[in-house]
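No experiment lies behind these values; they were computed from the predicted model shown. Within every chain, numbering begins at 1; the chains are lettered A, B, ... in the order of the sequence lines, protein sequences first and strands thereafter.
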2 protein chains.
Amino acid sequence: MWPAFLDRYSGVPLYYQIQQHLLEEIRSGSWKAGRAVPSEQEIAQRLGVSRMTARHALKSLCNLGAAYSQHGKGTFVSGLKFEKNFRQVLSFSEEMRSRGTRPQSKVLQFRQAESDNEVAEALHIGLGEKVFVLHRVRLADSSPLCVECTHIPVRLCPELQKKFKPRMSLYKCLLENYGMQIDFADEVAEASLATAEEARLLRVPKKAPVFRFTRTAYLRNGKPVEFVRSVYRGDRCKVVNRLSRRMEFSGERAKL
Amino acid sequence: MWPAFLDRYSGVPLYYQIQQHLLEEIRSGSWKAGRAVPSEQEIAQRLGVSRMTARHALKSLCNLGAAYSQHGKGTFVSGLKFEKNFRQVLSFSEEMRSRGTRPQSKVLQFRQAESDNEVAEALHIGLGEKVFVLHRVRLADSSPLCVECTHIPVRLCPELQKKFKPRMSLYKCLLENYGMQIDFADEVAEASLATAEEARLLRVPKKAPVFRFTRTAYLRNGKPVEFVRSVYRGDRCKVVNRLSRRMEFSGERAKL
DNA sequence: AAGTGGTCTAGACCACTCG
DNA sequence: GAGTGGTCTAGACCACTTG
């Protein structure tokens, strides 16, 4: 069926090479939705790996959503479209570029301030603790898309005002200067109407529909590093999400 | 440190018993954020299980977001709050009950129709193929929250009009009569203003802010079974999401 | 009965981190 | 160098599905 494509000396994990190979068959459309993927035993025999390694490859494939397993039956190609944009935590610049539009921003303010109640709670810091406040208008292809107000504890990145240049990506700046990598974020969206001030900045009529977001971004260890309030033009953006019905991620049964 | 709590004859997987035990320590607050969780070897030795089983337990704990691993350092308690409502695919009834409010709905229409372009594409059926159309106003504590228009292919559940009673949960009906269990859904939200008709049904002023959703719900194998258009009152709901920055789920490196 | 995925074992070598 | 997680092996038994 397949040639032996494994390279045992490349340093790339075997299970990952296998997963990528299977993924390629699925993405290319060679294997239709519902078709059985080779079983653990078949992979193990054909490729000369242990069954646990074959299993690892299949499980990782399922975790990607490309396939699903049924106890006693087999593992099957899922009917998902891969072209879909799965939503991720992207910085504004990343998000715009991934859509093929040119990101820009105009800094309205960049100052230190004391955290208010909402900010302190979101960032797990004391009420009144110093935070940087970065207030920006964000543009896509030279036309305003949103107004953003970012809060970051001063304690986490003391020299930020010197390190950060208006043109650069804030996330890149945090990573390169402080080793802080954003891993996930919690976001709350509300449907609302633009205030007079917002309407002016966004160049929309007063009381135009807008999204009002708050977002808290975390490191991998769960520590919050950024809290953002933003207002997006309703006519220029949609919020896309994938909701899971499973309580767990990869086949676990835990109740949280 | 711990007594031997494993029951090898209960039928409950060992890794799962271990995971639950660790989770309990974390949820109860006995183990603070950042604290090292027992290592794979330590668990294996103390509980008399193989290292792979201990590893499985820790990995599943990480997949839940309760901990995170660092190569060469250890596994640590994450700083996440568990009380947070992770968003799931819930039927309207489930979602309302989970918030402690009483769900109701008023059926405006329940008929067969031919799929339009958007419906056909979302449900992967032919243009014009028969679908059930269920048009409802949804109430929470006797006050209107949203207007919903659900589309389901007739082919998937031919007798639905006989099986479904206005008071029951549609998801429960699909599960009990057709064995179809919704597993996940893709949702698109827009910020918009209520039309005159919507305003009347929702009992809000004309041009009040609303969310406009479309939602496609899928089975575990990726087959779409339901497409919903809905309009929610902006003053009575928020959209909460957790965004991931990882491309993968459980530590994989695949690019999709 | 045969094939499948789910769990488990008892080892092994490696890369990484830290003192 | 000691401890950690990441990968891998070659077996094993089980529960589940299907013919």
Side-chain angles (χ1 to χ4, degrees), chain A residues 6-20 22 34-63 66-78 179 220-221 246 248-254, chain B residues 6-20 22 34-63 66-78 179 220-221 246 248-254:
Chain A
L6 291 183
D7 182 348
R8 302 186 93 97
Y9 303 99
S10 63
V12 179
L14 294 179
Y15 82 88
Y16 183 69
Q17 293 183 45
I18 299 169
Q19 184 238 55
Q20 288 294 92
L22 298 172
R35 180 198 196 282
V37 166
S39 71
E40 298 176 356
Q41 303 185 49
E42 189 177 346
I43 291 173
Q45 282 177 13
R46 287 192 124 93
L47 300 182
V49 298
S50 78
R51 202 194 126 199
M52 284 302 281
T53 300
R55 179 175 175 67
H56 192 171
L58 286 179
K59 191 160 188 200
S60 69
L61 199 64
C62 293
N63 287 341
Y68 61 99
S69 288
Q70 287 183 16
H71 194 170
K73 291 184 72 174
T75 303
F76 305 89
V77 176
S78 115
R220 193 149 118 77
N221 62 13
R246 298 191 272 265
E248 8 66 17
F249 286 132
S250 44
E252 308 305 331
R253 340 178 183 174
Chain B
L6 292 183
D7 182 350
R8 302 187 92 96
Y9 303 99
S10 63
V12 179
L14 294 179
Y15 82 88
Y16 184 68
Q17 293 183 46
I18 299 170
Q19 185 239 53
Q20 287 294 92
L22 298 172
R35 179 198 198 282
V37 165
S39 72
E40 298 176 357
Q41 304 184 49
E42 187 177 348
I43 292 173
Q45 282 178 13
R46 289 192 123 93
L47 300 182
V49 299
S50 79
R51 201 193 127 199
M52 284 302 281
T53 299
R55 178 174 175 68
H56 192 172
L58 286 179
K59 192 162 187 198
S60 70
L61 199 63
C62 293
N63 288 341
Y68 62 99
S69 289
Q70 287 183 16
H71 193 169
K73 291 183 71 173
T75 303
F76 304 90
V77 176
S78 114
R220 191 148 119 78
N221 62 13
R246 299 191 273 265
E248 7 66 18
F249 286 132
S250 44
E252 308 305 330
R253 340 176 182 175

So, for Pro38(B) and Leu58(B), which heavy atoms are closest and what is the spacing to 0.1 Å? O-CD1, 3.8 Å

Closer than 4.0 Å, any side-chain N/O of Arg55(B) to the OP1 or OP2 of dG6(D)? yes

Starting at OH of Tyr9(B) and ending at P of dC13(D), how long is that distance when rounded to a whole Å? 15 Å

Can you give me the closest heavy-atom contact between Leu61(B) and Gln19(B), atom names plus distance? CD1-O, 3.9 Å

Mind calculating the distance between CG (Leu61(A)) and P (dG5(C)) to the nearest angstrom? 12 Å

Atom-pair distance (CG on Asp7(B); P on dT7(C)), nearest Å: 17 Å

Does a side-chain N or O from Tyr15(B) land closer than 4.0 Å to OP1 or OP2 of dC8(C), or not? no

Nearest atoms (heavy-atom pairs only) where Gln17(B) meets Val12(B): NE2-O, 2.9 Å

Phe76(B) CZ - dT4(D) P separation (whole Å): 10 Å

Has Ser39(A) got a side-chain N or O lying under 4.0 Å from the OP1 or OP2 atom of dT4(C)? yes

Can you measure Leu6(B) atom CG to dT7(C) atom P for me and round it to whole angstrom units? 15 Å

Nearest heavy-atom pair of Leu14(B) and Asp7(B): which atoms, and what distance? CD2-O, 4.3 Å

In short, Phe76(A) meets Gly34(A) closest at the heavy-atom pair CD2-O, 3.4 Å

Please report the distance, rounded to the nearest Å, between CD in Gln41(A) and C1' in dG6(C). 12 Å

Just by modelled atom types, is the Ser69(A) backbone N or O under 3.5 Å from a matching donor or acceptor in the Arg220(B) side chain? yes

Atom pairs under 3.5 Å: protein N/O with N/O of nucleotides 15-19 of chain D:
unit_1, atom_1, unit_2, atom_2, d
dA15(D), N3, His71(A), NE2, 3.0
dT18(D), OP1, Lys73(A), NZ, 3.1

N/O to N/O distances under 3.5 Å, protein versus nucleotides 9-11 of chain D:
unit_1, atom_1, unit_2, atom_2, d
dT9(D), OP1, Arg8(A), NH2, 2.5
dT9(D), OP2, Ser50(A), N, 2.8
dT9(D), OP2, Ser50(A), OG, 3.2
dT9(D), OP2, Thr53(A), OG1, 2.7

Over how many whole Å does the gap from Asn63(A) atom CG to dG6(C) atom P extend? 11 Å

On the nucleotide dT4(C), are OP1 or OP2 found under 4.0 Å from the side-chain N or O atoms that Ser69(A) carries? no

Answer with base, sugar-phosphate or nothing: what part of the nucleic acid does Gln70(A) contact at a heavy-atom distance below 4.0 Å? sugar-phosphate

Identify the residue among Arg51(B), Lys59(B), Arg46(B) that makes a salt bridge (charged side-chain N to carboxylate O under 4.0 Å, His left out) with Glu40(B). Arg51(B)

Within the structure provided, determine whether Arg8(B) and Val49(B) are in side-chain contact (heavy-atom separation under 4.5 Å). yes

Give the rounded distance in Å between these two atoms: CD1 of Ile18(A) and P of dT7(D). 13 Å

Contacts of Ser39(A) meeting side-chain hydrogen bond (donor to acceptor under 3.5 Å, both in side chains) (sequence neighbours excluded), chain-then-number -> none

